[in-house]
Q: 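So that we are looking at the same thing, I have put the structure below in structure tokens.
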Amino acid sequence: MVDGARRKVREHFGQGKLASDPSKAVFINCPYDSDFEETFDAIVFATVCCGFTPRSALESGSVAESRMDRIVGSIFSSKYSIHDLSRCRGEGSEQLARFNMPLELGIAMARRYMTTNKSKRHDWLLLVPDGHVYLKVVSDLAGFDPMRYDGKTESVVPRVMSWLATRPDAVQTPTPKAVLAELPRFHAEKARLQKEWGGNLPWADLVIAAIEISESMSGNEPDPGI
Amino acid sequence: MDIFLSYSSADRKVAEGLREELGRQGVTVWSDPGNSSLDWRGRMEDGIRSADAILVLVGPRDGTDEAQQLTWRAALEAVWQDPSKRLVPVLLKGAELPTFVHSASSGEIQAVQVENSRDLRSAAQAISEVVSGSRGVDRSFGVSYEEPRSRSAFSFSVPQNGREERLARLSEMKQAVESLKP
């Protein structure tokens, strides 16, 4: 429904057909503040290019459901999730770490242990930047070895793609080089849509933009190689 | 030539036999029973980086071994990083080709089907010829033969038809998301 020319709203994402196929859904639990936006967008775009629908706490929009209910609903209706602990470190004058990421990782873990059917068990990828001492923040994660990357999109994209490409529900993926080549187009389209939606870009529209760019890649993939 | 051999714990016996046979043919094979620890992972990734080719041994029950999954991911990243590095799937009888193999290259991927895991010498011969590029494709993928097979192992070209499946998946995703529009 449209609420004024500049401020449009979107129905809650995650209903209909998407709600019925968790095996093709990936919950993205990564920081999306301005410092991290490029990496977040790269993860979202790479996920779509690998044939999976990204889910996020951002998809909730303005509905009268508690944020935690919506996040739990999204995680529980996704077979996969990607978690980045970059922000689990002291920040600001009070040196506080952000705990939303570990909280949502914990929800994903609970989802896994609730499922006895191996083929339907929730699976996650844990990403940690080089040099991050995540075990000092969440020592219970010892034994769940994360994938490290150098904080740049050029390294996080292959990490995400190699993980998704080796999942049981995977399809053939393009190469990371092809995805990185199209990433600027995704950024530009996102910026255009943000302006169109007055800064409140619905998650559905972002995902559709990513899908359309990914579809257009299929006929024009460059030579393999990162 | 240095080769990295990826395998699951279920196929350890065959992997060790292949390593011996390949060794007799002058091929150095890196393999290390995985345990997913950080130390092992570091050694594994170093082994893959320095290898000229990566053999991915796949048995009929493979795909869930965590250490094997880690090697598949590392192998994929390695061939993306260096397209001159060959990735050669080696399928044991009853095994299915893992989907990720299709993502390793947009060019031809040659694989080896091991029909008789008791004759690892023939399998090793086929593998080393495929890795060195001196062996063409013996058979088409999925073709069945009426005459008795005289070979214990043969090579085939991995069909590259995954692009259509990916497009179909994207189309399905788009339809589902567009159904949310007003």
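Protein chains get the first letters and strands the later ones, always in sequence-line order, with residue 1 at the start of each. Every value quoted in this text rests on a predicted model; they were computed, and no experiment measured them.
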Q: Verify the neighbour count for atom CZ of Arg185(A): are there more than 12 heavy atoms of other residues, nucleotides or ligands below 6.0 Å?
A: yes
Q: Counting heavy-atom pairs under 4.5 Å with chain A, which one of Ser84(B), Ser103(B), Pro98(B) comes out on top?
A: Ser103(B)
Q: Report yes or no: does Arg166(B) contribute a side-chain atom to a donor-acceptor pair with the main-chain N or O of Cys49(A) at less than 3.5 Å?
A: yes
Q: Return the CZ to CZ distance between Arg73(B) and Arg159(A), rounded to the nearest 0.5 Å.
A: 8.0 Å
Q: Out of curiosity, Glu77(B) CD to Met147(A) CE, how far, rounded to the nearest 0.5 Å?
A: 5.5 Å
Q: Does Arg118(B), at its CZ atom, have more than 12 non-hydrogen atoms belonging to other residues, nucleotides or ligands within less than 6.0 Å?
A: no
Q: Hey, what do you get for CG (Leu70(B)) to OG1 (Thr166(A)), rounding to the nearest 0.5 Å?
A: 8.5 Å
Q: Quick one: closest heavy-atom pair of Ile211(A) and Leu170(B), and the distance?
A: CG2-O, 3.6 Å
Q: Between CZ of Phe52(A) and CZ of Arg169(B), what distance do you get to the nearest 0.5 Å?
A: 5.5 Å
Q: Think Arg167(A) forms a cation-pi with Phe100(B), using NZ or CZ under 6.0 Å from the six-ring centre and within 45 degrees of its axis?
A: no
Q: Pair Thr173(A), Trp80(B) - check side chain to side chain contact (heavy atoms under 4.5 Å, CB included), show working.
A: CA-CA 11 Å; Thr173(A) 71; Trp80(B) 281 336; 3.8 Å; yes
Q: Over all heavy atoms of both residues, which pair between Gln172(A) and Thr99(B) is shortest? Give the atoms and the distance, please.
A: N-CG2, 4.2 Å
Q: Output, in order, the C-alpha distance, side-chain angles, deciding distance and verdict of side chain to side chain contact (heavy atoms under 4.5 Å, CB included) for Val48(A) and Met173(B).
A: CA-CA 9 Å; Val48(A) 168; Met173(B) 282 161 60; 4.2 Å; yes
Q: For the candidates Ala210(A), Ala170(A), Cys50(A), which exhibits the highest count of non-hydrogen atom pairs separated by less than 4.5 Å from chain B?
A: Ala170(A)
Q: So how far is it from Ser162(A) OG to Gln81(B) CD, rounded to the nearest 0.5 Å?
A: 12.0 Å
